[in-house]
Amino acid sequence: MSDNGKPKFAMYWAASCGGCEIAVLNINEKILDVDANFEVVFWPVAMDAKYKDVEAMPDKSILLTLFNGGIRNEENEHLAILLRQKSQILVAFGSCATEGCIPGLANFSNTDQIYEAVYEGVSTDNPNHIRPQYNYEVPEGTLHIPAFYPALRTLDQVVDVDYYMPGCPPESHQIAAVIDLVLKVLNGEAELPPKGAVIGAGNSTVCDECGRKRHVKSITKFVRIHEVDEIDPELCLLEQGILCNGPATRSGCGARCPGVGAACIGCYGPAEGVIDYGARLMTAVASVIDSNDPDEIDAILEGIPDPAGSFYRFSMPHSLLRMAKPAWSNGNR
Amino acid sequence: MSEQFEPVIIGFTCNWCSYRAADMAGTARIKYPPNIRLVRLMCSGRLDPTFVLKALSEGADGVLITGCHPGECHYLEQNYKALRRYRLLLKTIAQMGIEPERVKLVWASAAEGVQLARAITTFVEEIRALGPLRWPLRLAEMDIKETAAVEEVVA
Amino acid sequence: MTKYLFYPGCSMQKNARSYLDSMMAIRPELDITFEEVDDWNCCGATEYWSVHQVKAHALIGRNLALAEQQANGSNTLVAGCSACYLNLAKTANYLEEDLQLRAKIDDALAVGGLHFTPGSLDIRHLLDIVFNDVGLEKIRSKVVRPLTGLRVAPYYGCMIVRPDRENRYGNPEYPTALDKLLEALGATVIDFPQKTHCCGGHMTQISPEVAYELLHRLISGADRYNADLIVTLCPMCQLNLDAYQGDMNTFMDTDYHMPCLYFTQMMGLAFGHDPKELGIGKEFVDAGPALAKIGVELPEAEERPKPKPRRKQKQEGLPMPRMGDGNE
Amino acid sequence: MSNKQNQPQDEKERIGVYVCHCGSNIAGVVDVEDVAVWAKEELGDQGVVVSRDYKFMCSSLGQEMIENDIKEQGLNRVVVAACSPHLHEATFRKACERAGLNPYLSELVSIREQVSWVHTDKEKATEKAKAMVAGGVERVIENEPLEPLRVPIHPATLVVGGGIAGIQAALEIADAGYQVYMVEREPSIGGHMAQFDKTFPTLDCAACILTPKMVSVGEHPNIELLTWSEVERVEGYVGNFSVTVRKRPRYVDTDLCTGCGICWEKCPKKVIDEDFEQGLGYRTAVYTPFPQAVPKYPVIDTESCIFFANGKCKACEKLCPTGAINFDQEEEILLLEVGNIIIATGFDTFDARRIPEYGYGRLANVFTSVEFERMCNAAGPTNGEVVLRDGVTKPEAVGIVHCVGSRDRNYNNYCSVICCMSSLKFAHLVKERTGAEVYNFYIDMRTAYKDYDEFYQRVMEEGVLFVRGRVAEITDATRNPGEEGKLVVQVEDTLAGRQRRIPVDMAILSVGLQPPSDTKEVAQRFGISCSASGWITEKHPKLDPVATMTEGIFIAGAIQGPKDIPTSVAQGAAAAARVLGRINKGEMYLEPIRATVDPEKCSGCRICNNLCPFGAIIFHEDLMVTEINHALCQGCGTCVAACPAGAISGTGFSNEQVLSQIEGLLAYSFPKDFELVEMVPA
């Protein structure tokens, strides 16, 4: 408990887009409850704070830390370790922190390829082919920028995580619900869920919340959404040949995308107990292909031009393989 | 220690055909290299791509999937489901920089002990030629390093 | 208009000229064209294999290489002669399967600046093209002078159906493609028991007695079914059945008169072509009487020297001493 | 979020590992002591508290060792490293059960079939054995206690097919006092046996021994006979199948018909009988296939009946003394409730036309074996006279060709079993009835079983000639004197080592047996499988020949593979015995390897819905969740593997079990000094 008696709250933004932060603000007036019940001690996007201030805090002095973003460089890693050490409850907040998300797609490439894209790309003017140097000697001494790691890791691959809150970003109503829960716990009106639990989401998958009609499935052709003249507003997208991640994706979002005729892309991650999101989707989709002939099957699969990208868009770093071979073989140099 | 690379291979077998074929290979004392370790499933249709990825992520250099010949499935048609998943799995792992040749599907009936042994021998050689995959194991090690770091900080 | 590469082979240029002529004559009806392989050479016939396998393959390999060079668009190589067809197909097949042989042949061809890619050509016999590509439907539609009332014995010989993995002519043991073709032309087709039996091949040269025996089986078989003529698809068969029938008669002392024509000639007749244009009238055993049944008038068969009957070898007395190297 | 977390954490594992020497079978190659010691040391953390090796674990002493440890050491998991589970899984499960441990908390690791018998390098073999033990240990930790599934057995039985095998099965069950439904496609039961004249090797007349059985089927109070009928659909599972049968209209009211036969005597329409008489004889449009037909009621063949053709005639209706003819009869659909099903749909014969060089269909005097059976039959088209196609001439020489369509890679690769004996029978009958010269052309003479070879010898003594060699062709193309007007059998006599041409007047082709053309569909309808050659696959070729992979469905007779009458009868009885055992027990227990849907997790996406060939997956529209019927589920696990939500779990082969086994198998497989990828800055 702190001086003003309020429990301390922290939020940090590692390798991610910042959408999670916006999502938190999207809870509107609920944010006032946060302010009313918590003392925000560290939230770079919302208030000024220095790492050294955090380092100075006593261990476990922060009650709740919402950590969004993956671990891509030394700085992310340092803060992850630091906040773990200072916090009682560390929540992997949002898809990046829980399973890697879009930044995690970089795990398909090795550092050179990434640098190539970033520093030498068509849109980049870099005649001298300058690449970052982590230590740079100047008369005043050595300049240092955080080292870039060969692959992105999820928060729980770096430190011990108490809860997971999926979503890219987590739906605001779910955030609000979680905050309510924490407040209830503070007032002794509720119990904390068991360690390692996924909070702010459902136990089933998106289809559970999806209003579309569905039947026995048997797929003869995969099409991409722009290849369909007219999407049946009533019918399950997968049954229309559109690769929809709904069946494998944890519920909680309210099936918003399929609701408006856009296929689910899986930002809420795997359902309870699933250890490899992509594999589940892969096996499900393949199982309902309506052919027993290898060539015909391959022909049908032509309709999924980028399986790895479609199945692991959000979960690559948290998949069984975690990264494509180039990422680690490159690390070997 | 011999110089040549000894691949480690996980084989998935169907309880009704290929597992019995393995039994038969044994009973007939047909020899094949010890590089393969078999896992029994009730049917190749039970094969979840997760199992294959698990094997690879745990360091296997190759995975052999076996099932009843098309049309001879003990459960009538489930081996076809295995086939469908297999085709998609190959496509996917190729994108992850894994040679698709490392995951192979062969059919073997309960009577085909010889054929199974031959298939295993061939596959071991194919993987030997491809060289080690040994999917990081090492990735796990990275984590150990980090959690160690946590201890430091705490200390 | 489908284009095929064509390998004539020596016999179609000479003794089987009428086969070539009739084949050329019916192209328009079949709506196909042939492009002859430039600078083709002998296929080695049936003999060269027993002389030297590899050389035989090389000899044929050259024809295949030339054909491949020429194959723009159509990669189907057609031979009318069964022996040519079998040899070409055989080598193409061996080269696909036997890598050592392939290496040898590659070297051999390389000397002549040639190369053959196994699998690049589809080698087929003329009957295969007519029966499977053109098809009976089309053929029926072109018939203007049905061969009604003519009893024909369809004779395949031994070479095109052995092997016939794709069953292109029906069951290899008992092919029916030619039967069906002739029926389509309106002829009465007999269930010819010897349809794939041996015609004697080059035995006529090596050991005539054997050849005569074999020829007798075929001709008597056709005769027993009251066939008016035998229809064939192989120059060697035609030659033996036609040119050696007289000798056979003498030897067996029988008096068969069983003309033997090519299926292309029969098609030509049915399509209403002039017999002369189809090379009919050149055969030793006059087909005139048979063809009269379908109202085809043959021009007066020009006087041709009757092949003089071979003297029967004398059984009594000592045999003559062998002369020279034994080639008679 | 690892897979371990949502496992019910039961009390700390106490695992016993038992490594079997199997005499020297395992110990000869694998250092079993080393494996046992290693398991204790290396797998202690996983909970291995006891680890022993023993000469023969499957011996009573070996089993007692396990039982005692369970009791005294309080083991709650057992791993046995020995032979294949298909041999001794049951043994060790029982041992655990006796000691009060749930049998499914044990694992049998096959280090004999999969290690010692197939590998030679002792060191590597031992390494692999260790890895496999580790896999077994990791797996057994995830094993759950299971209880076998209990299902009640409906006492009625369906027998499909009224041949001798089906008849035998039906009578056995009916005599035991239980209801049997027999469905037969033809107008009468009797099957192929009814077509025969004599039966080998005893030569007793087929009708004389078959008819009584047919009659007792027809009269049996416990047998409901459904001829001219076919099974349309089969639903349900062992113990309670519901079967839909389509009963075609006979156009004869069986309550009124006395089978007097006036109708078929008077019927003006004669047609060639392609079925029973094999095209050798005639029947009328209203007919019973043969005099002793059961049931005795005729059927009207709408194809040939004049009335059905042009609405006139009705002679039969006019002349029927009991007014039993009823042209308005319609097909009936019957629904049967049965607990077990016996399939005895028999065989078809090979179509000899497929081998044109044998001339069947081209050469008048080439007959098939079935045609000849009819010809020999006193009630047949020639009243038992053996004559040529012209119907009068007796043959002076007859050639019998064995293996027509059998043992031939171009047709059926297998041996049809019965042809040698039936060919010998034909040879005897020809001799007996015509005194003709008889040649048997055989590849190998196969006269296994009781009194068969004696019959062979007898036929040889009767002066029948045997030529060993495959017939090349049968032709009318004569070549040598004496061949005129005859059929010439061209054959390589492999004993004389030369080609022979044997002129005969009549050739009999002993055509092989093959599965009825629609067997694949039938198999699908009953949820069982066919082998590559098309016969229905038995559960075990040696140890369970009359059961199928699908519980409650049995097979008998030739549908399981070519066989003769004695074996078919034996199988019919065997299948009946299996069924009776179950009926008497009233219930049965099924391996609890089943899939289950967690309704909480199921999103009702319906991915799994068409993955089950046994129809075990049911979707509840109202609740929008899928459910799996445990009695129908066969435990293949395809749906488990397919569920995108991971909502389906499979007992016996759960994800946790398999994944942990994989971990175990690999954990000890790599050199420790493996170079690591450091997370170093690029």
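Chain identifiers are assigned alphabetically (A, B, ...) following the order of the sequence lines, protein sequences preceding nucleic acid strands; residue numbering begins at 1 within each chain.
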The side-chain hydrogen bond (donor to acceptor under 3.5 Å, both in side chains) partners of D:Asp121 (sequence neighbours excluded) come to none

Side chain, backbone, both or neither: which part of B:Ile30 has an atom under 4.5 Å from a heavy atom of chain D?
-> backbone

Could you tell me whether B:Glu58 and B:Arg134 have a side-chain N and a carboxylate O separated by less than 4.0 Å?
-> no

Which answer fits B:Tyr80, side chain, backbone, both or neither, if we ask what part of it has an atom under 4.5 Å from a heavy atom of chain D?
-> neither

Measure B:Ile10 against the heavy atoms of chain D and call it side chain, backbone, both or neither at under 4.5 Å.
-> side chain

Using a cut-off of under 4.5 Å for heavy-atom pairs, which of B:Leu47, B:Asn15, B:Thr27, B:Thr50 has the most such pairs with chain D?
-> B:Asn15

Nearest atoms (heavy-atom pairs only) where D:Ser533 meets D:Pro515 | O-CG, 3.5 Å

Out of B:His74, B:His69, B:Lys81, which one racks up the most heavy-atom pairs below 4.5 Å with chain D?
-> B:His74

Output the option from D:Ala523, D:Pro85, D:Cys83 having the highest count of non-hydrogen pairs under 4.5 Å with chain B.
-> D:Pro85

For B:Val39, is it the side chain, the backbone, both, or neither that has a heavy atom closer than 4.5 Å to a heavy atom of chain D?
-> both

Donor-acceptor pair between D:Asn25 and D:Trp117 side chains, under 3.5 angstrom | yes

Face-on cation placement of B:Arg46 at B:Phe12 ring, 6.0 Å and 45° thresholds | no

Pairs meeting criterion salt bridge (charged side-chain N to carboxylate O under 4.0 Å, His left out) with involvement of residues 23-42 of chain B, two or more places apart = B:Arg40-D:Glu89

For B:Cys73, is it the side chain, the backbone, both, or neither that has a heavy atom closer than 4.5 Å to a heavy atom of chain D?
-> backbone

Parallel, tilted or perpendicular: ring planes of B:Tyr32 versus D:His119, cut at 30 and 60 degrees | perpendicular

Heavy-atom distance under 4.5 Å to chain D: side chain of B:Asn35, backbone, both or neither?
-> neither

